[in-house]
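Each remark here refers to the structure printed beneath this line.
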Amino acid sequence: MKAVVFHGSPRKGNTYTATKLFMEELSRCGEVSFTEFFLPKDIQAICILN
């Protein structure tokens, strides 16, 4: 299975920790490939207002 995770903040606080725990639990169900994005660093184009 492939999964995409979008982190709305570059900070690695409580939400980041909860997301990592969820990813670990999901991985126990089988092979999972995660792609993680940290906004706005990884996808700057959608964070720019014209």
Side-chain angles (χ1 to χ4, degrees):
M1 174 187 342
K2 293 182 181 180
V4 177
V5 178
F6 290 94
H7 299 278
S9 170
R11 291 183 34 213
K12 294 183 177 173
N14 293 330
T15 303
Y16 175 83
T17 302
T19 303
K20 287 297 185 181
L21 289 172
F22 175 77
M23 292 167 65
E24 288 175 17
E25 288 297 319
L26 190 59
S27 294
R28 291 183 186 187
C29 297
E31 187 175 330
V32 182
S33 171
F34 292 101
T35 302
E36 294 182 78
F37 294 99
F38 290 86
L39 301 178
K41 182 187 80 163
D42 292 332
I43 308 175
Q44 294 177 3
I46 60 174
C47 295
I48 298 173
L49 299 174
N50 291 328

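For the side chain to side chain contact (heavy atoms under 4.5 Å, CB included) with Thr19, the lone residue among His7, Glu24, Glu36 that qualifies is His7.
Heavy-atom minimum distance, Phe34 versus Ser27: CE1-OG, 3.3 Å. Across Arg11 and Tyr16, no two heavy atoms sit closer than the pair O-CB, 4.2 Å.
Contact check for Lys20 versus Glu25: no side-chain heavy atoms found under the 4.5 Å cut-off.
Both Val32 and Val5 sit in one connected hydrophobic cluster of ILVMFWY residues. Membership requires side-chain heavy atoms under 4.5 Å apart, directly or through other members.
To the nearest 0.5 angstrom, Leu26 atom CG is 5.0 Å from Met1 atom CE.
Atom CZ of Phe22 sits in a sparse spot, with 12 or fewer heavy atoms from other residues, nucleotides or ligands closer than 6.0 Å.
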